[in-house]
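What follows is a short report on a single structure.
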2 protein chains.
Amino acid sequence: MQAKTKETIAAIEEKLTAKGERFTDARQSVMAALLEFDATTAKAYDIVEAMGNVKPMTVYRALDFLVAQGLAHRIESLNAYAPCVENHCAHKDSQYLICDKCEKVEELHSHAIDDFIAEQTAKDGFKISTKVIEIHGLCSSCQL
Amino acid sequence: MQAKTKETIAAIEEKLTAKGERFTDARQSVMAALLEFDATTAKAYDIVEAMGNVKPMTVYRALDFLVAQGLAHRIESLNAYAPCVENHCAHKDSQYLICDKCEKVEELHSHAIDDFIAEQTAKDGFKISTKVIEIHGLCSSCQL
DNA sequence: GAGCCAGTTGTTATTATGTAACGGCAATAT
DNA sequence: ATATTGCCGTTACATAATAACAACTGGCTC
C-alpha cells in the first residue's frame, strides 16, 4: 500500500468522524483499494479481487457508502468507480473526462455546462434530478 | 402490434435497403418490439421476454445493429434501449432527457452544449471520442 | 450494567446483464 | 459452382448487482 494512500485514509477518517459517520474497516479497505488504482477506474469485482477474501456484497455496500459521502464516483458508462478526494463545491454536478486508454478520470465542474443544460431543459418543462455526463476520449498524455 | 409500428418498420426497411444494409427478420422483430414499448426505454431482457422463444444473444446482436444504424440508442445509466426514428443531423451528439417516472426519453440536439463541452475540454488537451449525456428527472406530464 | 435501537456486517443464494465460441445457413461475389 | 462474407442458433459462460436474514456493534436510556 502506497504511503500516500495511508495519509489520505487518515485524512478521510478525520473528516468522517467529524461528520458523525463511521469509517469502518470494510469501508477503509475498499477506499484504500480504490485509491491504489491511482485515479484510474476500478470495477467492483476488481476491488473484490484486489482485496481477496471479501464478498462482492461487502464491496458494493462500501462503494455505496463512499459514493454517498462523495468519496467516490460511479461511472455509469463503465460500471466502474473512481475515487474522489478533493472536496469541491456541490459535488453533485460534475462532468467526467474519461481516458479510454489509461483509464484515468478527470472531473470538470463547469457551472456553465450545468446552467446551459438547465436552460435548455427548462424549455421542455423538464425537471432535472440527476445528470450523467461522461465524456470519453484520450487524455493529453495518451495522444502522443 | 400497433399499426404505426408496421408503418415505421416498412419505412426503415426501405431506408436500410437503400443503404445496402440487411433488415433481417431478427432485426425487424427486435425493432418492432422496441417500438411497441412506445418511446419508453426497454431492457434487453424485456425484449427477450416480449418476443418469447428468442435467445438473449439474438436480441443483443440485433440491438447492436440498430444502435450502429442510429435506429436505437443505448441508455448507459439504465442498461436500456430506446428506439429512435427521426433521422437528425449527426446523431452522434445527442443528449437524453429521461423521465424516471414514465420512462419516456426525449432527445436534445444542442450544438450549444456540444460546443461548450468541446471548448471546456480543449483546455485540458482532451480529445473527445464519445459523450454520454443522460439527464434524469421528471418530464412535464409527470410533474402534475 | 441491562435493555434497546439503529446501523453495520457476514453469509448464502439468486437475479440481471452481457459475451465467447463454434457450427451452420443465406446472400452475394468471382 | 464455388468461395467469401455476413448472419443466425445454440450452448455455455462471464460479469454485475441485489435480496434476504441472522448476527454483531456502538451508542442510548433507564
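In this text the structure is predicted, and so the values were computed from the model without any measurement. In the text below, chain A, chain B and the rest are named by the order of the sequence lines, each starting its count at 1.
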Can you find a side chain N or O atom of A:Y60 that sits less than 4.0 Å from OP1 or OP2 on D:dA17? yes

A:M57 CE to C:dT9 P, in whole Å, measures 11 Å

Out of C:dT19, D:dC8, C:dG18, minimum distance to the side chain of B:R27 belongs to D:dC8

Nearest-Å distance, CG (A:L63) to C1' (D:dA16)? 12 Å

Do the rings of B:Y45 and B:Y60 sit parallel, tilted or perpendicular, given the 30° and 60° boundaries? perpendicular

Between A:R61 and D:dA19, is there a side-chain N or O to OP1/OP2 distance below 4.0 Å? no

Measure from CD on A:E76 to C1' on D:dA17 and round the result to the nearest Å. 12 Å

Does either side chain, that of A:Q69 or that of A:K19, offer a donor lying less than 3.5 Å from an acceptor on the other one? yes

Does a side-chain N or O from A:K43 land closer than 4.0 Å to OP1 or OP2 of D:dA16, or not? yes

B:K55 side-chain N/O to D:dG9 phosphate OP1/OP2 under 4.0 Å: no

Round to a whole Å and report the spacing from CG of A:D25 to C1' of D:dC24. 14 Å

Between atom CG in B:L78 and atom C1' in C:dA16, what is the gap in whole Å? 14 Å

A:D64 CG - D:dA17 C1' separation (whole Å): 10 Å

Do the side chains of A:R74 and A:E76 get close enough for a salt bridge, i.e. N-O under 4.0 angstrom? yes

Please determine if a side-chain N or O atom of A:T58 lies less than 4.0 Å away from the OP1 or OP2 oxygen of C:dT9. no

For D:dC8, does either OP1 or OP2 sit under 4.0 Å from a side-chain N or O belonging to B:T24? yes

Tell me: CD of B:Q69 to P of D:dG6, nearest whole Å? 14 Å

Among the candidates D:dC8, C:dT8, D:dA17, find the nucleotide nearest to the side-chain atoms of A:R22. C:dT8

Please evaluate the base of D:dA17 for a donor-acceptor partner in the side chain of A:Y45 within a cut-off of under 3.5 Å? yes

Would B:H73 and B:Y96 count as a close aromatic pair, with their ring centres under 6.0 Å? yes

For a quick test of reading the model: is some side-chain N or O of B:N79 closer than 4.0 Å to OP1 or OP2 of C:dG18? yes

Measure the spacing between OG1 of B:T121 and NZ of B:K127 and express it to the nearest 0.5 Å. 12.0 Å

Using whole Å, what does the distance between atom P of nucleotide C:dT9 and atom CZ of A:F65 come to? 9 Å

Considering heavy-atom distances to DNA chain D, does B:N53 or B:E21 have its closest nucleotide positioned more toward the 5' end? B:E21

